[in-house]
*Asks:* 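Handing you a structure now.
Atoms within each ligand, like the ligands themselves, are counted from 1 in listed order.
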Amino acid sequence: MYFESRHIIKYINFAGNQFNHTMNGNEFSNNRRSFLKGGLTLGGMALLNPQKALAAATEKEEAFRILAGPYLQTNFGNSISILWITNKNAASWVSYGTSADALHQTAFGKSELGLKPAGRINCVTLTNLKPGTTYYYKIASKEIKDFQPYKLTYGAALNGDTEQFVNADPAKDSVSFVMLNDIHDRPQSIPHLLNLDKGNRRDFVFFNGDIFDYQTDEQQIIDHMLQPCDLFARSLPFVYVRGNHETRGKFARDFSAYFHHVGHTAFTLGPARFVILDTGEDKDDTHPVYAGIVDFDVYRLEQARWLEQEMRSNAFKKASFRIVMMHIPPRYSGDAHGAVHCTQVFEPLLNKGKVDLVLSGHTHRYKIHEPDKHGNHYPIIIGGGPRDGSRTITQVTASKKEVRVRMLDDSGKEVGSYLVTKK
Ligand SMILES: [Fe+2]
């Protein structure tokens, strides 16, 4: 009988992960030789100090770089946020101005308790912008190489290209945007659908939830949203509200750090007041899949109180049109607890506030629901997705007199349209 001599070796690779591998005698000696050779190419450091060798190798592999961005987000009102992600902690800022050759103004991320940010996820908000004006900007990050209490050492510096955007005039005559919803981790759908709108000037792109299936890690956010958004987001802002799927997964509690805003909010642009509601989960908070760590009934009630307050504002009352955007529609999405709770909590308020239009997703079947005097007193337009053939892009234009909605399927064919006129 023949026995091969075998060796079990414990490795630590350069990512710091441990793994075992069983090898025969020849493999063992060959690999040992190449391992020693690899160690020696690091100046013998691996033999003398494996920790140091690991750090040196990691440093060598990981040059300071931008992982995603810049991408713009805004709630309008003459301010815009510029976000980008670096692979290492950094001191960051934005140089900007109204001429590409004169970026004389500088803005930093928001200081917290007197401390400027020094992390990897950068968000710099430019404020007091001039309405209807083109701005040019350049992002900059300086790697924080070593952070000692009394001596901070900077490493490499990065400068982005000069980018530009138009700061939308809040008092403009008309507003125009497109809505995407329920992409569900299919990043190729974002450019595919946006290309169907090519040539049209928009003020923003609106993501109405469920862009992901659940949140896993940063790489997913980059690969499945920020990277495909690079098509437009350096120069055109997006507005984003969570769907029920963005609340799921181990990274859901880190997710909001990658965006200026993903929850409920309201803003005015031109003749429309936009009210955005975060409708939370679709199942009961006590459902076993949530394992007792969600609280969406309370969250929806909080938003209802906020909505009542919003409805008392002059901005809401005086707008020519009131457009509400929410992932789970306030009706027509089944009898799951979240959907029913949305009807109970939001519908009476939306009726009372004389809302003109609601835009939603969630059902994965595009549909236009007419106003109904026994239920929703306003039209509810639901986008499709995520499968080929049911994906949609919804085009919305509002003037002082009317709101026009067109829904295209993923072949570019119009599958729905709606006109809201001033009452
Ligand atoms: Fe969905």
*Asks:* What count do you get for protein N/O/S atoms less than 2.8 Å from the Fe ion (ligand 1)?
*Replies:*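 Protein heteroatoms (N, O, S) closer than 2.8 Å to the Fe ion (ligand 1) number 4.
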*Asks:* Determine, for Glu302 against Arg300, whether the closest basic-nitrogen to carboxylate-oxygen distance falls under 4.0 angstrom.
*Replies:* no
*Asks:* Would you please say whether a donor-acceptor pair under 3.5 Å links the side chains of Asp185 and His224?
*Replies:* yes
*Asks:* Quick one: which residue pairs count as a side chain to side chain donor-acceptor pair (under 3.5 Å) with a foot in residues 112-133, not counting sequence neighbours?
*Replies:*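 Residue pairs with at least one partner in residues 112-133: Ser81-Thr125, Ser92-Asn122, Arg120-Glu218.
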*Asks:* For residues 151-159, dump all side-chain donor-acceptor pairs below 3.5 Å to protein atoms at least two apart in sequence or in another chain.
*Replies:*
none

*Asks:* Mind checking what makes side chain to side chain donor-acceptor pair (under 3.5 Å) contact with Thr286, not counting sequence neighbours?
*Replies:* Asp284
*Asks:* For His369 and Tyr332, I'd like to know if the aromatic rings sit close, meaning centre-to-centre distance below 6.0 Å.
*Replies:* yes
